[in-house]
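Please read the structure below before turning to the comments.
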Amino acid sequence: MSDSARDVFIVNESRRRFLEGMGGLALAIYAGAARADKGWAALGKADTKAIAPASFEPNAFVRIASDNTVTVVSKHLEMGQGTYTGLATLLAEELDADWDQVRVEGAPADVARYKNTLLGLQATGGSTAMANSYEQMRSAGAVARAMLVAAAAQEWKVSADSIAVDRGWLYAKGHKASFGQLAAKAAQQPVPNNVALKNPKDFKLIGKSELHRKDYADKTDGTAVFTQDYKLPHMLVAVVAHPKRFGAVPKTVNADKARAVPNVAAVVQFSGDNRTRFSGIAVLARNTWAARSGRDALEIDWDESQAFKLGSAEILAQYKDMAGRAGLVACKEGDTEAAFAARHARLIEAEYELPYLAHAPMEPMNCLVQLREGGCEIWNGEQFQTGDQNAIAAMLKVPANNVALHQLYAGGSFGRRANPSSDYLLEAVSIALAAWDKGVRAPIKLMWTREEDTRGGYYRPAFYHKAKLALDGDGKLVAWQHHVVAQSIIKGTPFESFAIKNGIDGLSVEGLADMAYEVPNLRVELSTPDNIRVPVLSWRSVGHSSNAFVSEGLVDEAAAAAGKDPYQYRRDMLSKAPRLKGVLELAATKAGWGQPLKPGAAGEKRGRGIAVHEAFNTYVAQLAEVTVKSDGSFKVDRVVCAVDCGLAINPDVIVAQMQGGIGFGLAAALHGAITLKDGVVEQSNFHEYIPLRINEMPVVDVHIVPSAEKPTGVGETAVPLIAPAVVNALYNATGKRIRKLPIANQLSA
Amino acid sequence: MIQLSINGKVHSYDDVDPSMPLLWFLRDIANLTGAKYGCGMALCGACTVHLDGQAVRSCVMPVAAAVGKKVTTVEGVVDDDVGHAVQAAWQKLDVVQCGYCQPGQIMSATALLHTNKNPSDAAIDAAMAGNVCRCGTYMRIRAAIHEAANTLSARGRS
Amino acid sequence: MKIRRFVLTASAALIAAAAAFTTYALLTVGDGRETNAPQPAAAGAPASITDSLVRGEYLARAADCIACHTVSGQKPFSGGVAFTMPFGTIYSSNITADKETGIGAWSDDDFVRALHAGVGKNGEPLYPAFPYTSYTALSREDILAIKAYLFSVPVVHAPAKANELSFPFNQRWGLSYWNALFLSKQRFQSAQAKSAAWNRGAYLATALGHCNECHTPRNILYALKHGRELAGEILQGWKAYNITSDKIYGIGSWTDQQLSDYLGNGHATGRGTASGPMGEVVENSLQYLTQEDIAALVTYLRDVKPQQGEPGNELNDRPPRALASTADTPGAGEMAQADLGLQLFEGACAGCHLWNGQGRQNEAAALLGTQAVSDSEAYNLTQVILQGSQLQTAHGEGFMPSFGRAYSDAEVAALGNFVLAHFGGKQGKLTAEDIAKRRAP
């Protein structure tokens, strides 16, 4: 091979052996090798966190080293939601470890060992991490503890019953040993099948607010490693040119100026699914700036003959039209036709509109690929291991096990990195394949700019709702007819059958079709367009992000029409949903709903609004207080949030997720919109896709319902409530009802 | 050939494109990946570092403009009393979620506390509005800045 | 009858005058031949440039042909730029040497006549969006150097876009009357009493750079107001400021350094950054002038008769709110009053511009001391908020994103009023309607 080709090979024998198929054992070796990455060390960074070889590894989730380090292997992605901390808490609790001796690392892709038991594949999503891991991680810790105890019993010749374990130490009369000291011996013990778990009243870590997050140190000293940071020797950075319109492909490319930029190594064209926006050109260079400069110097003519060319206005017009015709029935209770035909005291007819939303995590999409003969390695903030592994394996025509995915932190995701279409990964692999054909064997890091990320599609779909509600003489809701129009986020992907039954994508109607309110006659229909080729994806809280806004807005409209207090009105319809009623009452009580709202300054109007909603088995209520100025500008002053997520594993993480979810949801409520004109996405960066900034963040008081129920998730569940709570508060303050998001300047325009 | 002082040490670099933004220089050439790329247009603050103690957006600052000045990144900010107090407060209150924006937040907060020993909530908002956090951990950022301010004043720092 | 005779006499006089005038107008069309006129000392390219095509390029840059004859992203000099006037839209022509769609078939005399007399190859009058009223002062030698340069650039086949003018403005012959009234076909004459630098500056400003065409107010017939040179004018939503030597309303209190920095680099410390159309002038034209030529321009500008401006637009160099602010925060009083404008500035602007207006890390972002925040009508401030600003010279690049699409008229008005108050010490009166009009000037 030529000198230049040899130059770009990675030198790391341990990984090559992995791909030669050493099976499960390789995982253990591999896990150690990944951490002592020679490539990383070769960049001059002192490996101050060198980990001693694993001495004791009783199961897929924990390793204990002779230096007393307990490593918890997290099958879930840490993208800010605190999952590393939560999973470590569960395991460390039953292990009786000292919190400070525990560290966490991400699991490799291995669906047999690391699948999400609620989703059936290895993935992080649906706020299921704690729910699906609660017993699994506890058992893993309990098993390890039992084996340590058995080792001590053997060593000290005492009965297992006489041994106490506390904060990383084992004790018996006259004896004492640390986990590290007993690790090697514990490894020789048989793995027990059934180990009893603790009684929750004995919990020392679970339920404690004082536990610090496991990632609080490296994320504050600059050493936390995101995909954006990870490097391998001879790595090339790929910055891509995408077409403006989804479905366009390159027609003519002049890369002369791009190639002339110093440090540019190659320019390649990649193609993919022409249905979306997959085709483009990548400039590969030895550093990011050179790659970007090269990309900016490309001269490309695009063939847009097959490109999607509609704009937001046309899409909305089409959706309105579709809502006027029959859709597929997602829910039918009672007889809405008869109910509407009968006499009713009040009728509410409303249309609600929600725009496309970008995820816009702070870390734009990226991933690092190293192709090899027979497989590849990927470094990524992996949110969808099984799907990605399979998709890449299919593209490379190799067995799935030959696609190794190394888990890193993700700088936010909000669902973007869990794409059933595996888009950005397949793009990176396509680029690597095209480069391979040109003799480029280096590891390649695909890095999207913020513009590519904002315009790259895979948005929360735009939603159009048409609803009709009927109230009786007492103001009670007696009939609710609802038509939802939205693209399906799962149709056409390998995971269609998960959510689509009888042609209905359940994700588009969740929160509506299964609403908790007792409405005797309820009919929810869904129309799903198949000609709108804007790529769409699950966005934090998925269908709830749209449907809670609409349902909580409509219930509020009904309460107002009935002349009833919006809190009592909801409460009266939740007799069959005690946990939902519980959070509603808690929020209202803590917010002082019964007392008058403190008035604002002269010329200011104040208002408060409520929303309550269940998503992913977690119950949340939020009460927002706003101040509206005479020029129509407003501020959300305070949000009181009550949450029932079953047993609270890490109360401080729950509080943080409620606060953060509100911040994230508020950004969308106030500003968030992706709009298209003639098929071109109009927003490109944060000056037009406007984020929430600190000056807009309200004070958030969080109250957790004490519960012994099974734990459920909090990663997404605060998000859907804030938009309706704020809109209801604005109605309370001004009498103006907002049925379209984002709120933006609707009050001041 | 350029010389840069980064976190108190002077480094020499060959063959550097002087128009390369300081951010990419720090990340790709100097191997300090604490400062992050979030937007490339000085709209999000993730790239914030200090130049002679002033908070700057390194994504739009050509590396040539940093020659002859002192660059401080999050990796070195703890060498300073204020930076150390800020980092400790960030850890005490578990401010971080995904953590990607936090180096920039810490650098901006440190610069603020250097000039404003006891900022009000409104002053914090005014000073920190340029640093975006998509995870929404703003409440804790405010609280941590107050915490750091209290720590510093308790130490009797004049 | 006395009245009848009076009417007859008056009519006859009127008709005679009209006939005479028409004759004069028609006779003076196409007057461009002075093949023996000497090259003024103030004319030409700098002596340090010896290559004739490079000399032509220098002069073409000084005359800024490229700006009006090139649509952004299209081939240079291929025409098609739209000029939206009160009376319709006209498009600039292709001035590459294409024989069919450009000036490839034009003789030297044809080209000189176009610049001196505003007449095309076939004798048709040209619309004065083409600044022949200034170019008429150019020497023949300079015009031909420019022509030679234009003939050396890549030929582009680009047919002219049809003008969209309503009657009577689409009647070209009417321009003969306009020219008769307003076109003074004089070549540049050096002022004997002035220095060589002054004369060079005058040639650069009035003939080549045609500063008057933007900076001098126009009358109702769209002609430059004689006697009010460089007193300022509003066009296409931007205000071309008063750049006379007036100390309060013009550039009289600028230092020489500030003037030459602004002209040569597009930015002057304490004075601001060239944006919009003037930013393009710096990028396309002024940044290529030699230091001597910039100095000559400064010499000339310092001597332009001072013209008073509108009261209320004076620079306030001690705006109280900006002075009460630190880089990080506004004054406590202002924070307590936080209105929509402040909140918008806080989120979208303070990060780069800083509360004290000094600009974070880049002087180009400094707001304090700029004309934009002093103009109480906030024309340029509005446009910069709506469109953003970009300047690329040899000294680097300055870039500000546009905010027009993401923010409503009411929001932009509130923000503009905040900026005027905080940095200019002025009471802003922008309304949403003002912004709506300025979005599509």
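Because the structure is a prediction, the values reported are computed rather than measured. Protein chains get the first letters and strands the later ones, always in sequence-line order, with residue 1 at the start of each.
- Proximity to chain B (any heavy atom under 4.5 Å) is shown, for A/R286, by neither the backbone nor the side chain.
- Using a 4.5 Å cut-off between heavy atoms, A/P262 makes no contact with chain B at all.
- The backbone N or O of B/D125 lies less than 3.5 Å from no partner atom in the side chain of A/N695, so there is not a single donor-acceptor pair.
- By the 6.0 Å contact criterion, NZ on A/K208 is enclosed, its count of non-hydrogen atoms from other residues, nucleotides or ligands being greater than 12.
- Neither the backbone nor the side chain of A/L77 comes within contact range of chain B; no heavy atom of the residue lies under 4.5 Å from a heavy atom of that chain.
- Among all heavy-atom pairs drawn from B/M41 and A/N685, the shortest one is SD-ND2, 3.5 Å.
- Contacts of B/T73 with chain A are absent, with no heavy-atom separation under 4.5 Å from either backbone or side chain.
- When every heavy atom of A/M697 is checked against every heavy atom of B/R142, the shortest pair comes out as O-NH2, 2.9 Å.
- With a 4.5 Å cut-off on non-hydrogen atoms, B/F25 does not touch chain A at all.
- At least one side-chain heavy atom of B/T33 sits less than 4.5 Å from a side-chain heavy atom of A/K231.
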Return a table of donor-acceptor pairs under 3.5 angstrom between the side chains of residues 56-63 of chain B and protein atoms on other chains or two or more places apart.
from, atom 1, to, atom 2, distance (Å)
B/R57, NH1, B/T48, OG1, 2.9
B/S58, OG, B/C47, O, 2.6

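- Summarising the local packing, CD of B/Q54 is surrounded by 12 or fewer heavy atoms from other residues, nucleotides or ligands at distances under 6.0 Å.
- Remark: A/N287 CG to B/D17 CG distance equals 8.0 Å, nearest 0.5 Å.
- Of the two parts of A/V261, neither the backbone nor the side chain holds a non-hydrogen atom closer than 4.5 Å to a non-hydrogen atom of chain B.
- For B/L23, no part lies under 4.5 angstrom from a heavy atom of chain A.
- In this structure, A/M362 and B/C101 approach most closely via the heavy-atom pair CG-CB, 4.3 Å.
- To the nearest 0.5 angstrom, B/Y37 atom OH is 14.5 Å from A/D229 atom CG.
- Contact annotation for A/D652: both backbone and side-chain heavy atoms come within less than 4.5 Å of a heavy atom of chain B.
- Heavy atoms closer than 4.5 Å to chain A are found nowhere in B/V78, neither backbone nor side chain.
- Here the CG-OG1 distance, from B/L32 to A/T223, works out to 12.0 Å after rounding to the nearest 0.5 Å.
- Within the 3.5 Å criterion, the main-chain N or O of A/Y216 finds no donor-acceptor partner in the side chain of B/D94.
- For the pair B/Q97 (side chain) and A/A656 (backbone), a donor-acceptor distance under 3.5 Å is present.
- Scanning both residues, A/M447 and B/W24, for their nearest heavy atoms gives CE-CH2, 3.6 Å.
- Residues A/P364 and B/G38 approach most closely at CG-O, 4.4 Å, considering heavy atoms.
- In terms of heavy atoms, B/Y138 sits closest to A/L692 at OH-O, 2.6 Å.
- Heavy atoms of A/A224 lying under 4.5 Å from chain B belong exclusively to its backbone.
- Here the side chain of A/K219 pairs a donor or acceptor atom with the backbone of B/C98 at under 3.5 angstrom.
- Looking at A/D215, both its backbone and its side chain come within 4.5 Å of chain B, counting heavy atoms on both sides.
- By the 4.5 Å heavy-atom criterion applied to side chains, B/V96 and A/R213 are counted as neighbours.
- No side-chain donor-acceptor contact under 3.5 Å links B/R134 to the backbone of A/P691.
- Both the backbone and the side chain of A/F686 come within less than 4.5 Å of a heavy atom in chain B.
- Taking 4.5 Å as the limit, some side-chain heavy atom of A/F414 sits within range of a side-chain heavy atom of B/C135.
- Rounding to the nearest 0.5 angstrom, the gap separating the OG1 atom in A/T220 from the CD atom in B/Q102 is 8.5 Å.
- Between the B/R27 side chain and the A/Q228 main chain, a donor and an acceptor come within less than 3.5 Å of each other.
- Once rounded to the nearest 0.5 Å, the distance linking CZ of A/R450 with SG of B/C44 reads 7.0 Å.
- Contact tally against chain A (heavy-atom pairs below 4.5 Å) for B/G83, B/A46, B/P21: the top residue is B/P21.
- Side chain of A/R693 to backbone of B/A129: a donor-acceptor contact under 3.5 angstrom is found.
- Counting non-hydrogen atoms of neighbouring residues, nucleotides and ligands closer than 6.0 angstrom, the NE2 atom of A/H212 exceeds 12 such neighbours.
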